[in-house]
Structure formats: structure tokens, C-alpha cells
Amino acid sequence: MGIKGLTKLLVDNAPTAMKEQKLESYFGRRIAVDASMSIYQFLVVVGRKGTQMLINEAGEVTSHLQGMLYRTIRLLEAGIKPVYVFDGPPPDLKKQELAKRFSKRAAGSEELAVAIASRNKEDIEKFSKRTVKVTQQHNEDCKRLLRLIGVPVVEAPSEAEAQFAALCKAGKVYAVASEDMDSLTFGAPIFLRHLMDPSSRKVPVMEFEIPKILEEMNLDMDQFIDLCILSGDYCIGGLTALKLIHQHGSIENILENINKYQIPDNWPYSEARLLFKEPIVSMEEKPEINTPNEE
DNA sequence: ACTCTGGCTCAAGACGCA
DNA sequence: TTGAGCCAGAGT
DNA sequence: TGCGTCC
């Protein structure tokens with residue numbers, strides 16, 4: 001859903017709103033992390049060869065636990081206090097998208113079956129990735145693991161991105177770490193990318209500050225949200241969207257003044273906007289670090 | 001000629017021992 | 001799934 | 001740095 005070239009758009013139009021940071025500069029900070037996204041990555045990549053994954057004696061997948069445990073240890077060693085945020089039920093607006101994913105996975109399964117039958121290793125490799133799905137069980141496994149080692153877990157009432165942006169706005173965490181640029185659209189004041197990248201890959205932590213982005217791009221937050229919706233849902237690029245917003249101020253005004261772009265039928269931009277502006281989040285008490293449970 | 005978009009591809013975690 | 005990089009084609 | 005292992 002995110003804008004394709006948002007990073008590049010920011011590099012070009014708001015260069016000082018982002019800066020390279022060292023991991024050490026977050027020592028002692030509480031940082032929110034998107035758990036579901038991480039679990040997905042672990043399932044795709046950890047110990048997977050063809051259809052093989054890491055499993056326990058009962059044959060249950062443990063790739064996500066392996067990945068989650070080591071990553072959390074790395075964060076703790078760096079003096080970072082992670083707060084993992086789990087997805088809740090998705091908003092209605094995303095149902096369509098989810099249906100698409102479902103059929104893609106189904107198609108992936110079929111192709112995988114063909115690949116297995118014909119013993120085509122490359123295809124098995126490719127299609128097995130497409131069938132990956134984070135289940136409730138995977139989520140529960142990870143919550144349990146995190147609670148056992150005393151790392152706080154937050155269960156979002158809906159989208160995790162929205163929830164941790166809200167935590168950050170409320171000052172309950174210092175920053176939000178994700179690879180998903182939607183975090184910016186949800187208005188997380190400080191947004192970190194590549195927090196987990198090993199130093200060997202020489203990708204520095206990139207820190208984005210929303211207030212600076214808005215100032216430098218000469219937008220208010222509503223306009224920034226419109227910009228993201230405009231170029232996310234819809235077939236124009238970020239640069240054009242930015243120009244249009246500067247010119248007309250809002251999606252409504254753009255639609256009134258411009259006819260040359262093809263408008264999707266029943267384009268639900270105002271629903272999308274509401275999702276970003278007033279997302280469903282919970283404001284429970286500050287997530288506390290629990291004492292590690294002996295086991 | 002230049003810019004933008006869109007379609008394609010790719011890689012993706014973390015450890016430790018050579 | 002996600003972003004990024006590269007190439008081709010459309011629009012200016 | 002590259003590659004096998006983690007379960």
C-alpha cells in the first residue's frame with residue numbers, strides 16, 4: 001500500500017529530514033517493532049531450503065522463534081528496549097487486498113505442487129516462499145517467547161503500524177522501527193529503518209523525523225497523508241502527487257480541478273484517509289518490562 | 001533529451017567456524 | 001509480503 | 001568473506 005518511491009522522494013525533497021544514525025545512539029531507548037512483519041520475514045528466510053524449515057520434535061515450525069529470539073537478543077545487547085506490536089484484525093478497507101493475497105497464495109500452492117511433482121528445485125524454492133503465511137499460532141508462539149524473556153508485547157486492536165505510531169506520538173516509545181514506509185503515513189514522529197541490519201552489510205540506521213519532513217516539503221500532516229494515498233492507491237508517482245498537492249492542497253481539490261487522470265471507480269480515498277488519521281488504536285498503560293520468567 | 005511511471009527482477013535472519 | 005534497482009516506453 | 005547450521 002505504501003508509496004513506491006517514498007524514500008527517493010524524501011531524499012530528493014526533504015534531504016535533511018532523514019539522517020544516518022549509529023545503533024549506539026539508541027542505547028537505553030524504548031523502540032516499537034512490528035512483530036508480524038518480522039515473523040513473516042523469519043518464516044520466509046530462516047532455515048528454509050525448498051520446503052524445509054526449522055522444526056521441533058513434534059514437527060512444528062520453529063523458524064519464527066529462532067529468528068525472534070536472536071534478533072531480540074541483539075537488540076537487548078545494543079541497549080535497546082524493544083516493544084513488539086502485534087497485528088489485530090485488519091480494517092474492512094483492506095479486505096479486498098487480503099482476498100487478493102489469499103488467491104495469490106492459493107496459486108502459489110498449486111504452482112508449488114507442480115514444481116514438487118516435476119522436481120524443479122528452482123521453482124520449489126520460488127513458490128514455497130509465496131505460500132508463507134503468518135498464522136495465529138506463530139503469533140501466539142512469539143508472544144509467549146517474548147513474555148518469557150521479559151520483553152513487552154502490545155496487541156494492536158487493528159493495524160500494528162497504526163498502534164506503534166500512536167505509542168510513539170504518546171511518548172510511550174522513543175521511536176518506531178520498521179521497513180514499512182506506511183509508518184510515516186501513520187505519523188510516527190521518529191521512524192527508523194534498517195535498525196536490524198548487521199553492520200557487515202554497512203547499511204546505516206536511517207532516522208526520519210516527521211516534523212522535519214513536513215516542514216521541508218512544505219506540507220501539513222493532512223496533506224502528507226493525502227500525498228501517500230494519492231500515489232499509493234492510484235496510478236501516479238510520488239513526484240506528480242507532490243506537485244498536485246502543492247498546487248491544489250487536497251485530494252478533493254485535485255479531483256475538482258484535474259480531469260486528465262483516470263479516477264478509479266468509487267475510489268475510497270476518504271476512508272483510506274480516515275484510517276490514517278483516526279486509526280483504531282488502544283491506549284493501554286505503558287508497556288512495562290516484566291521480570292524474565294525462569295524456565 | 002529528459003522525466004516519470006510501471007513492470008520486471010531480486011533478496012530477505014543470525015550464528016560460528018573455516 | 002516489503003523495498004530497491006534496472007530497463008523500456010509514454011508523456012512533456 | 002563464504003557457507004553450513006540453527007530445529
Side-chain angles (χ1 to χ4, degrees), chain A residues 1-13 18 23 33-78 82 87 90 94 97-109 122 125-135 138 141-142 145 159-161 177-185 191-203 206 208 228 230-244 260-262:
Chain A
M1 189 102 118
I3 313 186
K4 295 158 302 254
L6 183 54
T7 311
K8 194 175 177 299
L9 189 71
L10 294 177
V11 169
D12 294 342
N13 296 279
M18 46 200 291
L23 196 58
V33 181
D34 181 352
S36 305
M37 178 68 77
S38 308
I39 294 171
Y40 180 83
Q41 307 269 41
F42 295 143
L43 288 176
V44 168
V45 103
V46 176
R48 195 193 44 70
K49 270 186 213 143
T51 55
Q52 292 297 116
M53 301 181 84
L54 304 185
I55 51 170
N56 65 12
E57 290 147 10
E60 296 157 338
V61 174
T62 54
S63 297
H64 54 311
L65 294 171
Q66 177 86 13
M68 182 68 79
L69 179 61
Y70 277 106
R71 172 167 291 178
T72 306
I73 290 169
R74 278 185 71 209
L75 288 170
L76 293 172
E77 276 177 348
D87 270 315
K94 299 220 165 152
E97 194 59 37
L98 293 173
K100 264 190 224 160
R101 274 185 216 174
F102 182 85
S103 56
K104 268 192 186 172
R105 252 200 320 276
S109 302
E122 279 178 28
E125 189 66 25
K126 186 163 65 179
F127 294 128
S128 60
K129 285 184 196 170
R130 291 193 200 165
T131 61
V132 169
K133 160 121 169 74
V134 179
T135 65
H138 296 137
D141 292 346
C142 288
L145 171 68
E159 294 180 278
E161 302 280 327
S178 174
E179 299 311 311
D180 185 342
M181 298 298 284
D182 272 359
S183 314
L184 280 177
T185 320
F191 168 61
L192 311 180
R193 282 192 88 199
H194 308 132
L195 181 69
M196 321 301 190
D197 283 31
S199 46
S200 63
R201 215 156 298 158
K202 65 173 185 179
V203 187
M206 204 46 99
F208 299 75
C228 295
L230 203 48
S231 76
D233 281 16
Y234 182 27
C235 47
I236 63 173
L239 212 77
T240 309
L242 180 60
K243 281 179 194 157
L244 288 173
K260 68 176 170 177
Y261 295 103
Q262 211 181 359

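Note that these values count all heavy atoms, side chains included, but never hydrogens, waters or copies made by symmetry. Note that the coordinates shown come from a computational prediction; the quantities given were computed from them, not determined experimentally. Chain identifiers are assigned alphabetically (A, B, ...) following the order of the sequence lines, protein sequences preceding nucleic acid strands; residue numbering begins at 1 within each chain.
Considering only side-chain atoms of A:Arg71, the nucleotide from B:dA12, C:dT2, B:dA14 that sits closest is B:dA14.
The salt bridge (charged side-chain N to carboxylate O under 4.0 Å, His left out) check on A:Glu125 picks up A:Arg48, with sequence neighbours excluded. Looking at residues two or more places apart in sequence or on another chain, you find a salt bridge (charged side-chain N to carboxylate O under 4.0 Å, His left out) between A:Lys8 and A:Asp12. The side-chain hydrogen bond (donor to acceptor under 3.5 Å, both in side chains) test applied to A:Ser183 returns A:Glu161, not counting sequence neighbours. Checked against side-chain contact (heavy atoms from CB on, under 4.5 Å), A:Leu6 has the following partners two or more places apart in sequence or in another chain: A:Ile3, A:Leu9, A:Leu10, A:Met181, A:Leu184. Partners of A:Thr72 according to the side-chain hydrogen bond (donor to acceptor under 3.5 Å, both in side chains) rule, which considers only residues two or more places apart in sequence or in another chain, are A:Tyr84. By the side-chain contact (heavy atoms from CB on, under 4.5 Å) test, A:Leu54 is found to be paired with A:Val46, A:Thr62, A:Ser63, A:Gln66, residues two or more places apart in sequence or in another chain being considered. A:Lys126 is linked by a side-chain contact (heavy atoms from CB on, under 4.5 Å) to A:Asp123, A:Arg130, counting only residues two or more places apart in sequence or in another chain. For the side-chain contact (heavy atoms from CB on, under 4.5 Å) test, no residue two or more places apart in sequence or in another chain qualifies with A:Ala107.
Distance check on atom P: B:dA11 versus D:dC3 gives 14 Å, rounded to whole Å. Spacing between D:dG4 and B:dA12 at atom P, rounded to whole Å, works out to 15 Å.
The stretch residues 43-53 of chain A touches DNA chain B through A:Val45, A:Val46, A:Gly47, each having a heavy atom within less than 4.0 Å of the strand. Annotation: proximity of residues 55-65 of chain A to DNA chain B (heavy atom, distance under 4.0 Å) is found for no residue.
Nearest-nucleotide assignment on DNA chain B puts the 5′-proximal partner with A:Lys243, out of A:Tyr70 and A:Lys243.
Sequence neighbours left out, the pairs with a member in residues 41-68 of chain A that pass ring-ring contact (aromatic ring centres under 6.0 Å, His included) are A:His64-A:His138.
Checked by distance alone, A:Gln66 brings a side-chain donor or acceptor within 3.5 Å of a matching partner on the base of D:dC6.
Between its two ends, the helix from B:dA1-C:dT12 to B:dA12-C:dT1 turns its axis by 0°, counting five pairs per end and rounding to 10 degrees.
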